[in-house]
Amino acid sequence: MEGHARSADVRIEKYGDSENSEILDIDLSNPDPIPETGIARVGQLMRSGRLHRYGEESGDELDVLELEKEFAAYLGTQYCVAVNSCGSSLFLALKCAGVRSGDKVLLNAFTLAPVPGAVAHCGADPVLVEITQDYVIDTADLRRKASSSNAKVLLLSHMRGHIADMSKIVTICNEFDLTLVEDCAHTMGAGWNGRLTGMFGAAGGFSTQSFKHINSGEGGLLVTQDPDIAAQAILYSGSYMLYHQHGARPDDSVFERWRSKIPNFSMRMSNHAAAMLRPQIPLLVQRAKKWNALYEELENRLENIPGIQLPNRPKAEEFIGSSIQFSLKGLTVSQVSAFLTTCEQRGVFLKWFGNRDAAGFTSTHEHWKFMANSPEVPNTDDVLESLVDMRIPLSAVKTEMAAIGDVITSTFSEVRTAN
Ligand SMILES: *Cc1c(COP(=O)(O)O)cnc(C)c1O
């Protein structure tokens with residue numbers, strides 16, 4: 001992601017005498033290519049110039065409309081609105097759920113910058129909720145803050161694909177009358193106890209940015225079962241009076257309620273983004289299998305290494321291992337630094353949530369100075385300080401995962417024993 005120009009092939013070179021001194025050549029930031037049918041369709045659209053999602057002639061082929069239908073059917077939801085990013089979908093979901101300037105929105109403290117960004121975009125203030133050692137929202141702290149904060153909405157981020165006990169979350173939301181919005185940027189196709197994420201609350205937002213489960217460079221999908229949220233989101237997204245050209249939309253009567261009350265924020269998805277995405281939806285199931293096999297391979301290598309702590313993932317959590325996180329226990333900050341540097345020298349680029357400065361895609365609540373209240377989330381800070389993160393590219397193979405595991409475990413033991 002930082003422009004490492006390595007090839008995707010495994011190339012393992014010995015750089016020293018010792019057995020474990022290998023340099024791996026795996027580009028962990030490799031995004032997934034667009035299927036050929038998508039490329040062909042984008043070419044057609046480019047030649048015709050019809051790149052905008054709405055057409056003015058009947059008979060126009062509307063790729064975004066078809067994508068909305070297909071994604072709604074895939075998820076089993078009634079309404080889907082395609083937009084220009086997941087961040088936009090979350091912002092719109094909050095707006096449509098009634099969040100207004102000065103409101104408080106509960107949010108787990110371990111998330112990505114666009115998520116508090118979506119809250120700030122509404123003029124609202126995030127109230128950060130602690131996470132547990134397993135990287136999911138701490139339901140005890142959620143209860144505390146739900147009763148003390150006056151917030152009416154919980155924006156739950158399934159950060160890096162970690163899914164909290166959703167039956168507990170839904171119970172708490174009902175108890176405190178909280179509207180639930182799910183950030184599913186890393187959980188497209190993942191679920192809890194047989195139900196897909198995005199289907200638990202009032203609305204869900206998905207990302208189609210290059211490093212998520214389907215890739216169109218940029219893009220987002222808002223899903224909901226609520227006709228009023230769907231109609232508002234369509235109008236906000238910038239539909240003009242062309243909202244009939246939406247594939248998974250409510251009846252005209254619902255638009256009559258909102259038409260002239262909703263400003264146009266111009267957050268549409270383009271036709272070519274949808275054309276790239278459509279052939280990727282049927283691939284989600286096999287991608288999930290591949291990711292989980294790669295994840296398991298690496299997890300097996302890291303398991304049972306004293307000092308490397310993997311999260312507990314209950315059976316009900318039907319996650320997709322498109323990235324892996326683990327905690328380094330018993331290391332000083334400078335040992336963690338040495339660990340990361342040495343891993344990188346050996347070809348394994350890991351990210352660290354304990355960084356004092358925001359780096360690459362990785363930042364933490366301490367870097368989000370736009371928030372009104374500087375939050376105290378000491379338990380989360382403890383977790384983030386030792387939290388290491390690695391993306392798993394779909395282009396990887398199992399032997400590469402095993403080799404990465406060996407680099408991580410041998411480097412960890414070297415750093416731990418050195419002083
Ligand atoms: C990537 C990501 C987002 C934002 O997605 P965009 O499409 O880039 O706006 C939101 N939440 C999480 C957890 C993410 O990883």
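First listed ligand is number 1; within each ligand, the first listed atom is number 1.
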Subset of ligand 1 atoms that lie under 4.0 Å from at least one heavy atom of [X]:
X: S207; result: 5 (O), 6 (P), 7 (O)
X: K212; result: 1 (C), 2 (C), 3 (C), 5 (O), 14 (C), 15 (O)
X: S157; result: 13 (C)
X: A185; result: 2 (C), 3 (C), 10 (C), 11 (N), 12 (C), 14 (C), 15 (O)
X: G87; result: 6 (P), 9 (O)
X: D183; result: 10 (C), 11 (N), 12 (C), 13 (C)
X: G219; result: 7 (O)
X: V115; result: 10 (C), 11 (N)

Looking only at heavy atoms, which two atoms of I131 and T380 are closest? And how far apart?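 It is N-OG1, 3.0 Å.
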
Any heavy atom of S88 sitting closer than 4.0 Å to ligand 1?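 Outside the 4.0 Å threshold, so no.
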
State whether a side-chain donor-acceptor pair under 3.5 Å links H365 with D381.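 The answer is yes; a qualifying pair exists.
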
Distance-only side-chain donor-acceptor flag, S85 / S88, under 3.5 Å: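 The answer is yes; a qualifying pair exists.
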
Using ring pair (Phe, Tyr, Trp, His ring centres under 6.0 Å), reason through F319 and Y295 one step at a time and then give a plain yes or no. CA-CA 11 Å; F319 68 94; Y295 182 99; 5.1 Å; yes

What's the shortest distance from atom 5 (O) of ligand 1 to any protein heavy atom, and which residue and atom give it?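 Atom 5 (O) of ligand 1 sits closest to the protein heavy atom C86 CB, 3.2 Å.
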
For atom 4 (C) of ligand 1, what is the closest protein heavy atom, and at what distance to 0.1 Å?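 Its nearest protein heavy-atom neighbour is P114 CG, 3.7 Å.
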
Is [X] salt-bridged to [Y], going by a charged N under 4.0 Å from an acidic O?
X: R301; Y: D406; value: yes
X: E175; Y: R143; value: yes
X: R257; Y: D228; value: yes
X: D103; Y: R100; value: no

